[in-house]
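What follows is one structure encoded as structure tokens, with my remarks underneath.
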Amino acid sequence: MHQRWFWRMSRWARNPPSAKRVRFVLAIIAICLLLVAYEKIFGMPGWMELERIRP
């Protein structure tokens, strides 16, 4: 690991983020996981699929 990550981890250990920020980040992660699960279960919508252009 790069030394900068260790500095960041030590700063977070001394001054942790608020509970509100932790909940916010966890909510964003949960939304992303739900979107991935939806895409895996129901597939990708037709308008998002790539079309190959044949020369």
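Heavy-atom basis, side chains included; hydrogens, waters and symmetry copies ignored.
Other cluster members for Leu26: Val22, joined by side-chain heavy-atom distances under 4.5 Å among Ile, Leu, Val, Met, Phe, Trp and Tyr.
With sequence neighbours excluded, the residues forming a side-chain hydrogen bond (donor to acceptor under 3.5 Å, both in side chains) with Ser10 are Arg14, listed by chain and number. Scanning for side-chain contact (heavy atoms from CB on, under 4.5 Å) contacts around Leu50 gives an empty result, with sequence neighbours left out.
The side chain to side chain donor-acceptor pair (under 3.5 Å) contacts involving residues 20-46 comprise nothing, where partners must be two or more places apart or lie in separate chains.
Under the 6.0 Å distance and 45° angle rule, Arg8 counts as a cation-pi partner of Trp5.
Here the CD1 atom belonging to Ile28 is positioned 12.0 Å from the CG atom belonging to Leu33, to the nearest 0.5 angstrom.
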